[in-house]
Amino acid sequence: MSTTPAVQPDLPKILDGLNPQQREAVEHVEGPLLIFAGAGSGKTRVLTARIAYLIATRKVWPDRLLAVTFTNKAAREMRARVEAYVGDVARQMWVGTFHHTAVRMLRREAERLGFERSFTIFDDDDTRAALKRVLDALGLDPKRYPVGMIANQISTAKNELKGPDQMPNRSYIDEVVRRCYVEYEAILRRSGGLDFDDLILNVVRLLRDFEDARLYWQDRFRYVLVDEYQDTNHAQYVFVNLLAAGHRNLAVVGDDDQSIYGFRGADVRNILDFQRDYPDARVVHLEQNYRSSQSILDAAYHVIQHNPERAPKRLWTDRKGGEKVFAVQLYNEVEEAEYVADEIERLRRTESRKYREFAVLYRTNAQSRGFEEVFVRRRIPYRLVGGTRFWERREVKDLMAYLRLLANPADTVSFARIVNAPRRGIGQVTVDRLVNHARERDVPVWQALEEAAGAGVPKAALGAIDHFLKQLRTLRQSVGVLRPSELVDLVVEVMQLKPYYTDGTPQGEARLENLLELRGLAEEYDPLEPADSLSEFLADAALTSDVDTYDESEEGVTLITLHMVKGLEFPIVFLVGLEEGVLPHQRALEEDKGLDEERRLCYVGITRARDRLYLTCAFRRHLYGRAAAGMTSRFLLEIPQALISAPREGKAPAPPPRHDYRERFLERTAQAAPVPPPVQRFTEGERVRHSAFGDGVVIKSTLTRTDEELLIKFDKAGLKILSGQLAPLEKLS
DNA sequence: ACCAGGCTTCTTTTT
DNA sequence: GAAGCCTGGT
């Protein structure tokens, strides 16, 4: 064991209640440390206790400590919890996401790396916009070379620390991508912009190419902790390992079973090979789970255990009892949502559960809609995490683009975004001329505006440009003088954004509200130094995700994707859409190792549940707006029957089909996806609408063995006998 | 320059 | 079943 630390008043509090493995991790001081922390194993507790321990025992001064987390929320939480142990000094430590940490470092080191301190962060959208411009300039057909594909390839290259000249050039398409990469970099450079990948890439450059910087930062951070290490990509791996190379006080925490960001370059091998990188590393396994019931853990185990190449382990709990996992197949996604809503209301009644105790977890954002519609109709409060994110809304992006242009007059992408929003008579042709002019003369776009007359822009636009320029000058004078929120007000005022976004519709109102909300967010930066406040605000805005603003105490059922839910937990979880093609997702199945990652995603979902887990799938589902039959997800079938509870109101297995067309229809799907027995959806006398026959009234509803047979009298089309399951009917009421 | 309407295509997941 | 792209008309 390590040396006995000087007794500190708060040490008992820090170490109290830790199990032996946790305690080992907390008390490990010098040298590399690898913590395999299974889902719900008290990881955050251990991390914060360890930091507090280091501080409390005077092993390190807080500002010489760096902790890298995956989300800003995790960072905030960590800081708050450490503060609870050791007090205000906790504020001095560096805690943040990879990107935040990188930005902080780069702001201090910008010059030697060849860019301005006031650099702009390009988000995904900006990157796409820039690449579109590149394709255009190179005369490449965006149909043959999709922006997304090229963006991905460039991102992958950057994550591997490769420049254009280190990219493959074995095919024509390789050459195209290389060419785009070069041009894209040129746009970034001229715009004073760095994309997400650049942030990490440049920190690596800094540490690798500048010895004094390397020595400084290595010494600065005597202890480095990395959370979610399984989700680091190569560039991030190099970054932390370079940083820790001097003192070797690197502690990493992670769980290879929860590696779900392979698609953006994360490499599980980083954690699996840690012991190769540091043969003397202390390795701690946290496998005791403090979250879920045994049956939930068992279900999770049986799924994940199908993955090859995982470090063998199994979570356990000493928690007794708990219900089996529920698995239910519903007819379609509407029934699925209705079922979830029914269960929520039932459990609220019978177990006095609060709305906030429930979460609905899905694979793709598109799946949230069905739940939203049903929840709205049934007055079930919910909060949607992700989806159309705040920062991606048009009006928010517009206003941010104005601010970015003011902070950085070279930002061509922002310029192009707002030059004609609102409409001011500066069209595509003019914009192209201006941007080209800026590129040819290597001047900021802003200056191109001033030289518009000489830039060959259409004469008709000159007046408009002149006016626009005057407006921009007015705004620019206020940068560094006004506070961020005042700047927002000024932009809205000068550019007349309110009338622009108001169109009398509720959406227009929502847009104004978003502008107001943006103002509120900017306000938080008002107390900062006027010189930095704007760029601080802009950087944070670019690096903030939706979970970061998630507040668990808020009332409402949580709707969230499997990716964003990692790190959260709920008493009752509905993992929905367990169908082949959805989870696992079709696209993932086409990729190498895609299935493994989908399985981990499923594992993450299952292990979010504390008391109850529902697994649902639909027999038919609207995908791409078209109804399609889905087979039950293999993940669901991987869970032993013994762990699964039949749905309440027990539904019998499907009897043989009757009609010919139906028989054929079923043949394809019946094996893996038996038709759920019929439910009586309609009552006699009920008004319904048929997509072809129009409105009508249900005369008679008979439950047969396979279907609900309906006799309906349509107002126009007369009497019809229809299938309650197959006919395109909707209820009117 | 701008708009409306019809066409396509497409959707993983996110810092 | 939405968002983007193209076209043709003003």
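In the text below, chain A, chain B and the rest are named by the order of the sequence lines, each starting its count at 1. These figures come from a predicted structure and were not determined experimentally.
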Does the aromatic ring of A:H99 sit over the six-membered base ring of B:dT15, closer than 5.5 Å centre to centre and tilted less than 30°?
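Check failed, A:H99 does not stack on base of B:dT15.
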Closest nucleotide among C:dC5, B:dT14, B:dT15 to the A:F263 side chain:
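Nucleotide nearest to A:F263's side chain: B:dT14.
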Considering only heavy atoms, which members of residues 421-431 of chain A lie under 4.0 Å from some atom of DNA chain B?
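When residues 421-431 of chain A is checked for heavy atoms under 4.0 Å from DNA chain B, the hits, listed by number, are A:R423, A:G425, A:G427, A:Q428, A:V429, A:T430.
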Expected output: side-chain A:R76 to main-chain A:D548 donor-acceptor under 3.5 Å:
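Yes.
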Report the residue (A:Q236 or A:A461) whose heavy-atom-nearest nucleotide on DNA chain B is the more 5′ of the two.
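Nearer the 5' end of the strand: A:A461.
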For A:D123, is there an ion pair with A:K397 - N to carboxylate O distance below 4.0 angstrom?
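Between A:D123 and A:K397 there is a salt bridge, with a charged N closer than 4.0 Å to a carboxylate O.
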Only counting residues at least two apart or in another chain, list the ones meeting side chain to side chain donor-acceptor pair (under 3.5 Å) with A:Y261.
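Partners of A:Y261 under the side chain to side chain donor-acceptor pair (under 3.5 Å) test: none.
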Expressed in angstrom and rounded to an integer, what is the separation of A:E392 atom CD from B:dT15 atom C1'?
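To the nearest whole Å, that distance equals 12 Å.
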Distance in angstrom units between A:K132 NZ and C:dC5 P, rounded
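My rounded result for the distance is 5 Å.
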Distance check needed: B:dT13 P versus A:N152 CG, whole Å only.
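Value for this atom pair: 13 Å.
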Does one side chain, of A:D596 or A:H306, offer a donor that lies under 3.5 Å from an acceptor on the other?
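No, because no side-chain N or O of A:D596 sits under 3.5 Å from a partner of the opposite role on A:H306.
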Sequence neighbours excluded, every pair satisfying salt bridge (Lys or Arg N to Asp or Glu O under 4.0 Å) that has a member inside residues 135-148 of chain A
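Found none.
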Whole angstrom value for the distance that separates C1' of B:dT15 from OH of A:Y261
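After rounding, the gap between these two atoms is 8 Å.
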Without decimals, in angstroms, what is the distance between A:R600 CZ and B:dT12 P?
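Distance check: A:R600 CZ to B:dT12 P gives 19 Å.
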Within this structure, what is the CD-to-P distance between A:Q230 and B:dT15, rounded to whole angstrom?
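Value for this atom pair: 15 Å.
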Of all the nucleotides listed (B:dT13, B:dT11, B:dT12), which has the minimum atom distance to the side chain of A:A588?
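The listed nucleotide nearest to A:A588's side chain is B:dT12.
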Protein-to-nucleotide contact annotation, 5' to 3' order, nucleotides 4-10 of chain B [B base; S sugar-phosphate only; - none; under 4.0 Å, heavy atom]:
-------
A:R394 CZ - C:dA2 C1' separation (whole Å)
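Going from CZ in A:R394 over to C1' in C:dA2 covers 15 Å.
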Which donor-acceptor pairs under 3.5 Å do the side chains of residues 581-595 of chain A make with protein atoms, sequence neighbours left out?
| from | atom 1 | to | atom 2 | distance (Å) |
| --- | --- | --- | --- | --- |
| A:H585 | ND1 | A:R587 | N | 3.0 |
| A:K593 | NZ | A:E309 | OE1 | 3.3 |
| A:K593 | NZ | A:E309 | OE2 | 3.0 |

Phosphate OP1/OP2 of B:dT15 contacted by A:N159 side-chain N/O (<4.0 Å)
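For B:dT15, OP1/OP2 do not have a side-chain N/O of A:N159 under 4.0 Å.
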A quick test of your reading: do over 12 heavy atoms of other residues, nucleotides or ligands sit less than 6.0 Å from CZ of A:R393?
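Yes, CZ of A:R393 has more than 12 neighbouring heavy atoms, counting only those of other groups under 6.0 Å.
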Side chain to side chain donor-acceptor pair (under 3.5 Å) partners of A:R377, counting only residues at least two apart
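With sequence neighbours excluded, A:R377 shows a side chain to side chain donor-acceptor pair (under 3.5 Å) to A:E338, given in chain and number order.
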Answer yes or no: does a side-chain N or O of A:N365 lie under 4.0 Å from OP1 or OP2 of B:dT14?
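For B:dT14, OP1 or OP2 has a side-chain N or O of A:N365 closer than 4.0 Å.
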For A:R369 and B:dT11, what is the distance between atoms CZ and P respectively, to the nearest whole Å?
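My rounded result for the distance is 15 Å.
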A cation-pi test, strictly: NZ or CZ of A:K566 under 6.0 Å from the centre of the six-membered ring of A:F70 and no more than 45 degrees from its axis. Yes or no?
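Flagged: A:K566 positioned over aromatic ring of A:F70.
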Using a 4.0 Å heavy-atom cut-off, does A:F98 contact any base of the nucleic acid, only the sugar-phosphate backbone, or nothing at all?
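It contacts nothing in the nucleic acid.
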Measure from NZ or CZ of A:R423 to the centre of the six-membered ring of A:Y500 and say whether it is under 6.0 Å with the direction within 45° of the ring axis.
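A:R423 over A:Y500 ring: no.
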Phosphate contact (B:dT15 OP1 or OP2) by A:T544 side-chain N/O below 4.0 Å:
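Checking B:dT15 against A:T544, no side-chain N or O comes under 4.0 Å of OP1 or OP2.
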With a non-hydrogen cut-off below 4.0 angstrom, is A:N420 in contact with a base, only sugar-phosphate, or nothing?
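Sugar-phosphate contact only.
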Is A:E591 touching bases, backbone alone, or none of the nucleic acid, heavy atoms closer than 4.0 Å?
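Base, at least one base atom sits under 4.0 Å.
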Taking atom C1' in both B:dT12 and C:dC5, what distance in whole Å separates the two?
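Their C1' atoms lie roughly 23 Å apart.
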